[in-house]
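As structure tokens, the structure follows; a few thoughts come after it.
Nothing fancy with the numbering, it's 1 onward along the sequence.
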Amino acid sequence: MQANAKDNQSNNGEAARPDWSLLFESPALRDAFESERDHVKLLTFPLREAAESEGDAQAKEALEALSAIASLYVVPDDWNRGYGPMYQSAEGRTFVPTDLTDESVSLLEDVVDHVPHDLLRARLHDVLSMRVSDRRRINHIHSHLDALLRVGIASDRWFGERETWHRAIETAKRFGKSTRTELAGLESELLRNLLDEPVEDYYQAQMADALAKHGLGRSRAGDIARRLREIGDSFVDEADKARIYYEGAGDWFGADGDIDARGASYAAVIESYIAEAEALAGEKDGNLARAGYLLEHALRDLRKIPRADRDKLGLSDSASMLARRIRELGVAGLDGMNRYESEPVDLSQAAQEARKRVSGHEPDKALLNFALLEDFASFHKDRADAEELLTKYPVSALFSVTTFSQDGRVVKRSDGSGGEPVFGVDPAVWRQMIQTHVLRIQLVAAGRLWPAFEALTNEHHLTVGDFIAVTAGSSTVPLDHVRQFARGLYYGYTGDFSTAAQLLTPQIEHFVRHHLQNAGVVTTTRTEEGVENEKGLSSLLESAKVDEIFGADLAYELRVLYLDATGPNLRNEVAHGLLTDGTAEGAESLYTWWLALRIVFLHFWNRSHDSGKTAASKPAEPSDDATGPA
């Protein structure tokens, strides 16, 4: 893009601004804006590529800044912070809004109204509002909210940028009268999608949850409750969905003051739980654990109904009946434990998208896209979700849980809520976090990693030398372990995840030890005889410095994958020869190989492509939300 100004100079002698209307005219950017109109983060690399080919210095700077802003992830529940870096480690991090200089802010204020992508323009206004003050700030806040209202909430947009909308609502609430109109508009958008749009699985339930979370929609509580009940009635053969909507209806009837309708909605949930539980218990080889779980949920919802109202609903004896049946099923289940298999999950669309992300690129870019298929699991989000779930379903948090190995051994007994914390987390919450993360591993591996892995390895035949180049060029790998780490990555790339797991597990342990040592943490113990022994991975990951050095998210991944007996427990399984063929070739080994590749490759990419300018080369700033390795 060429500057459209005489001699490229302004009247005061400074370099003139380019003609920003031409900045986004390249076919590649237009295609990216069109194909990713409901997502912002996926614009990161198209914008970076456009910057790399740009000849004008100011245009290049603007595109680089927009790429960095697109890379951010939203922190909706921390309004002051707002956004976190795409990647962070003990050595540095990628961009955050505070990195913008005054000159960059001025440049972006010139650019912002020319950005043709509504969600990116809204985010840019929001980021700029964090870097300016007074009237300029409030103008950007209005523009941020107006841009979102102009594009409106829709299901694809909601699921792609859900946190964006939550942050926008919080922003509109913060400024009182000044943003009252925008807040009303956002409330109206949520209500419109809930009350008027065609039903899409759990979408309307999420609209109702968003209204409740932000204290909106109270004047339409009755309408919301009736709509949720109506949707619940429509899921005749889908009990799980129906219960979500009936329970939501009960909450909103309560907000509307209709106690009878509230009780009737909860009663419908209770009856559904009981019916499904008894059907399971009555089957030959029925899933008694699942049946007991459903009855616990029924008992929880029963407690929402005052005793005086239970007679009217035909539930007067239900409390004692449910308690008795839960005990009976628990005892019977000890003699007949079996595997529970849920309904099939359609992962075809996710698989297609994952293949597309890695196909048709040069090897380094394909590996980068593969590494970025997923973020690390979010420690803070999983913790918040687990706490919310246990608040809704408290019975499951009250008791200790015994974990059995595949051969029937008791391998762990975890306390109920209020017991000894696990890595600083309530044990019941941690247990729920592990369960959620293990399920995530299965879905991510099957739905995204494996399809992308097949596409990647079909197109590119990499050698062990290629992986040595990657590990040697990545500051995450200790110099004297470059070849061992590379061989583990290479064997995984060939599809031999069994060998990869057995090579990489001890290398990951040394990786943790190495970076703890570099940070001044003592990683040995000394016996009375003066002999020093290296601490094992479990002791290393208990260090108070781990979250600061590796970031809370990577520390969480390592603890789940390698240490906890209710998870894959790979360190113990590999070290003691307990790794079965199924586990070695299963989702957990694929996922841990991908995790190791991501840890190494992102540092390699940043070093080899950013010419020393990447923010990841800056000194680390400790953060609980860090998402990268040391």
Answer yes or no: is there an ion pair linking [X] with [Y], defined by an N-O contact shorter than 4.0 Å?
| X | Y | result |
| --- | --- | --- |
| Asp385 | Lys381 | yes |
| Arg448 | Glu353 | yes |
| Arg121 | Asp126 | no |
| Asp118 | Arg157 | no |
| Lys545 | Glu548 | yes |
| Glu374 | Arg440 | yes |
| Glu509 | Arg513 | yes |
| Arg48 | Glu64 | no |

Parallel, tilted or perpendicular for His140 and His125, by the 30°/60° rule? tilted
Could you go through Glu588 and Thr592, starting from their C-alpha distance and side-chain angles, then the distance that decides it, and tell me whether this counts as side chain to side chain donor-acceptor pair (under 3.5 Å)? CA-CA 6 Å; Glu588 295 90 348; Thr592 49; over 6 Å; no
Which pair of non-hydrogen atoms, one from Ala386 and one from Met433, has the smallest distance, and what is that distance?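 Shortest heavy-atom separation between Ala386 and Met433 comes out as CB-CG, 3.8 Å.
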Write down the atom of Leu372, the atom of Arg357, and the distance for their closest heavy-atom approach.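 So the two residues come closest at O-NH2, 3.8 Å.
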Is it true that the side chains of Gln507 and His481 contain a donor and an acceptor less than 3.5 Å apart? yes
So, Glu161 and Trp165: side-chain donor and acceptor under 3.5 Å apart, yes or no?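 No, no side-chain donor-acceptor pair sits under 3.5 Å.
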Between the main-chain N or O of Phe370 and the side-chain N or O of Trp594, is there a donor-acceptor pair closer than 3.5 Å? yes
Surrounding OH of Tyr591 (heavy atoms of other residues, nucleotides or ligands, distance under 6.0 Å), is the total greater than 12?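 Yes, the 6.0 Å shell around OH holds more than 12 heavy atoms from other groups.
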Kindly compute the distance separating CH2 (Trp158) from CD (Gln206), expressed to the nearest 0.5 Å.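 If I round to the nearest 0.5 Å, the distance is 6.5 Å.
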Just do the side chain to side chain donor-acceptor pair (under 3.5 Å) check on Thr101 and Ser104 with the steps written out, would you? CA-CA 5 Å; Thr101 64; Ser104 296; 3.0 Å; yes
Identify which one of Phe550, Phe379, Phe376 satisfies the ring pair (Phe, Tyr, Trp, His ring centres under 6.0 Å) criterion when paired with Tyr556. Phe379
Check: His510 and Phe485 side chains under 4.5 Å, non-hydrogen atoms: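 The answer is no, as the side chains (C-beta and beyond) never meet within the 4.5 Å cut-off.
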Hey, are the side chains of Glu61 and Leu107 touching, using non-hydrogen atoms and a 4.5 Å cut-off? yes
Can you list the steps and then say if Glu557 with His437 is a side chain to side chain donor-acceptor pair (under 3.5 Å)? CA-CA 9 Å; Glu557 290 271 21; His437 192 21; 2.8 Å; yes
